[in-house]
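If you're wondering where the values come from, they're calculated on a predicted model, not measured in any experiment. When reading the values below, keep in mind they use all heavy atoms of this one structure, side chains included, and skip hydrogens, waters and symmetry mates. First the proteins, then the strands, lettered A, B, ... as listed; each starts at 1.
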Protein chains: 2
Amino acid sequence: MKSATEILQRAGIVTTRQRVVLLDRLLRRTDHPDAERLLAEARDGMPSISVDTVYRTLNLFAEAGVIQRMAVPTRRARFDGCTDPHDHFLCSDCETIQDVPRPPERSAAIPAPVSACGIVSDVQTVYVGVCRRCAAQKR
Amino acid sequence: MKSATEILQRAGIVTTRQRVVLLDRLLRRTDHPDAERLLAEARDGMPSISVDTVYRTLNLFAEAGVIQRMAVPTRRARFDGCTDPHDHFLCSDCETIQDVPRPPERSAAIPAPVSACGIVSDVQTVYVGVCRRCAAQKR
DNA sequence: ACCCTGAATCAGATTTATTCCGAAAGAGGT
DNA sequence: ACCTCTTTCGGAATAAATCTGATTCAGGGT
């Protein structure tokens with residue numbers, strides 16, 4: 001796996017300590033955190049990092065395609081450090097998000113009616129439901 | 001097409017003037033509005049309807065499956081009155097959302113790794129990109 | 001039709017998520 | 001090391017959604 005610094009340089013993004021820390025933390029997580037959680041994460045090891053920097057940086061990364069701003073019906077924005085094509089399962093109860101593989105037949109081409117709308121730069125599929133843990137707890 | 005009142009009754013939701021107006025407006029639109037726009041819409045014809053009622057009602061409807069809270073990476077929540085399976089194209093520039101058909105092979109079964117996560121109640125796919133109009137304007 | 005009761009709505013205050021602003025600090029080039 | 005432009009910080013501001021407590025309404029019973 002490539003290092004955070006390497007990824008930023010390759011994307012033509014100026015590397016600052018804050019940016020490297022944030023990207024590094026996000027790459028190490030598989031739970032698709034929100035800005036608040038990333039701020040908390042980053043603050044151990046860099047206590048002075050500000051809220052604004054987190055939001056600004058996440059926007060910058062998402063814009064540059066280094067990370068993904070997720071398409072999910074949650075209040076807070078969620079982010080994914082993995083940009084390889086895959087899908088997500090969102091628990092509507094506890095709001096945890098799990099990765100699921102994308103069936104190969106779907107990874108193929110973009111359907112014609114979609115291309116007719118414009119230039120597609122990102123495709124996201126989310127399965128919304130109740131996860132096993134929440135289902136078990138409910139009874 | 002069924003009337004708003006009819007849909008609500010069938011879903012076991014008590015019908016109030018506000019609920020009928022909101023659902024009716026949403027069903028008549030194809031632009032996947034946010035709460036603010038629906039409030040404005042509802043207010044001509046019912047000037048006294050409150051912000052709170054709009055949010056509360058949309059949550060109720062979404063919970064009941066009467067409408068869909070959309071999975072999109074936008075600041076404001078967006079809603080869809082059409083619950084037949086279909087996908088969406090979101091312009092990251094102007095944030096308009098267009099309906100696109102869902103390829104039949106995908107309407108079929110839920111992949112096994114997804115079912116393993118929990119009980120799926122909703123599947124959403126969004127294609128994010130730049131729409132024709134925005135692309136044209138850019139040069 | 002009228003009354004009753006629990007549920008729904010209203011207006012305004014409050015919370016939560018994100019962005020803006022101006023001053024201070026940092027990155028990369030010379 | 002110095003300069004210039006960019007980035008960050010901290011706090012204030014904005015925007016989106018929810019809560020609160022008093023009032024109104026829907027629908028069932030008489």
Discussion item. Walk along nucleotides 1-9 of chain D from 5' to 3' and tag each nucleotide B, S or - by protein heavy-atom contact under 4.0 Å, base first, then sugar-phosphate.
Written reply: ------SBB

Worksheet entry | Under 3.5 Å: donor-acceptor pair, side chain of Q68(A), backbone of D80(A) | no

Worksheet item: Any donor and acceptor pair, going by atom type alone, linking the side chain of H86(B) with main-chain N or O of V100(B) inside 3.5 Å?
Response: no

Within the pair [X] and [N], is there a side-chain N or O less than 4.0 Å away from OP1 or OP2?
{"X": "Y55(A)", "N": "dT19(C)", "answer": "no"}
{"X": "T15(B)", "N": "dA8(C)", "answer": "no"}
{"X": "N59(A)", "N": "dT19(C)", "answer": "yes"}

Item to complete: Just jot down the side chain to side chain donor-acceptor pair (under 3.5 Å) partners of R25(A), sequence neighbours excluded, or say none.
Response: D44(A)

Determine, for [X] against [Y], whether the closest basic-nitrogen to carboxylate-oxygen distance falls under 4.0 angstrom.
{"X": "R106(B)", "Y": "D87(B)", "answer": "yes"}
{"X": "R78(A)", "Y": "D34(A)", "answer": "no"}
{"X": "E41(B)", "Y": "R29(B)", "answer": "yes"}

Worksheet item: Could you state the CZ-P distance from R75(A) to dA15(D), rounded to the nearest angstrom?
Response: 15 Å

Discussion item. In this structure, how many angstroms lie between the P atom of dA15(D) and the CD atom of E95(B), rounded?
Written reply: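 Atom-to-atom, E95(B) to dA15(D), this comes out as 15 Å.
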
